[in-house]
Amino acid sequence: IGEQCRRIGVHINFAPVIDVNNNPLNPVIGMRSFGENPESVAKKGYFYMNGLQDENVLASAKHFPGHGDTEVDSHEDLPVLTKSKKELHAIELVPFQFLIDNGVASVMVAHLTVPAYDKQSKRPASLSSSLIEKQLKQKMGFEGLVITDGLDMQGVTKYYKKGEIALEAFQAGNDILLIPDDIPFSIQLMEEALVKGKLSRERLEESCKKILRYKYLSGAWKREIVDTDNLLIDLNKTEYIDLQEKLF
């Protein structure tokens, strides 16, 4: 997959999914997970991460802090993860901590509420500084790119006003805001927040420098043209098909 991403000019792959599949009623994770054992999920996620990053493709551990034990699809509404901090540390956070300790480039934050870390009703992890700044960055030691799940998903758009979501997400500690609902208005609100002092220039520069660093590390700054000659042949090598069947 790392080789295929490089071949078509992809510099970041929003994978691996390292949610622990511990709820049979989960409508959105299922076979996207590596299983129901947190240690096994961590190891398999680690191998996937290495496969990508060995090819200079940035990996992204998702969906922080864990979307496995939910019964609502965050594309449709806002799930609630009701576990205690102790339970989350024993299961959901295990794969994330393992990949963070082993150099994963980015983490994608989910649209789900986690009362154990943030008491505010209807505030998803993706907009929570308690989960991103305090838990992910400070306690778990993550220094890479923090990316939101799609900001057009109803897990966040149902409960927050158009345009304001991007500002909330950025203030919470995200570096990359994925699919904001109204980009011009989002930028306008962020500029106004900067002028009024609600958003610090240091916070803005922190994310800008981090993004530039990873553009350099991934080679994205070179802006290389993808050679489309033999593209289908290169993407469908026999060894890729054989490996896929072997893994299954």
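- Around NZ of K137, the count of heavy atoms belonging to other residues, nucleotides or ligands within 6.0 Å exceeds 12.
- Side chains of D181 and L151 form no contact here, defined as non-hydrogen atoms less than 4.5 Å apart.
- In this structure, Q120 and R123 approach most closely via the heavy-atom pair OE1-NH1, 3.1 Å.
- Inter-residue side-chain proximity for Y48 and L52 is flagged as met; some heavy-atom pair is nearer than 4.5 Å.
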I would like to know whether D19 and H67 meet side-chain hydrogen bond (donor to acceptor under 3.5 Å, both in side chains); could you show each step before the answer? CA-CA 6 Å; D19 301 311; H67 208 320; 5.9 Å; no

CA sep, side-chain torsions, deciding dist, call: E92, N22, side-chain hydrogen bond (donor to acceptor under 3.5 Å, both in side chains): CA-CA 9 Å; E92 274 74 15; N22 51 0; 3.2 Å; yes

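- In this structure a side-chain-to-backbone donor-acceptor pair under 3.5 Å is present from R203 to F170.
- Here the shortest heavy-atom pairing between E55 and R6 reads O-CD, 2.8 Å.
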Only pairs under 3.5 Å count here: list side-chain donor-acceptor contacts from residues 238-248, not counting sequence neighbours, and write none if there are none.
from, atom 1, to, atom 2, distance (Å)
Y240, OH, E3, OE1, 2.5

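- The minimum heavy-atom distance between L112 and P65, with the atom names listed, is CD1-CD, 3.9 Å.
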Anything under 3.5 Å between a donor and an acceptor, one on a side chain of residues 183-196, the other on a protein residue two or more places apart or in another chain? List them.
from, atom 1, to, atom 2, distance (Å)
S186, OG, D182, O, 2.7
Q188, NE2, E192, OE2, 3.1

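- The number of heavy atoms from other shown groups lying within 6.0 Å of NZ (K215) does not exceed 12.
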Test log, rule side-chain hydrogen bond (donor to acceptor under 3.5 Å, both in side chains), inputs S33 and N21: CA-CA 6 Å; S33 168; N21 191 33; 5.2 Å; no

Under 3.5 Å, which donor-acceptor pairs do the side chains of residues 35-42 form with other protein atoms, sequence neighbours left out?
from, atom 1, to, atom 2, distance (Å)
N37, OD1, E39, N, 3.0
N37, OD1, S40, N, 2.9
S40, OG, K44, NZ, 2.9

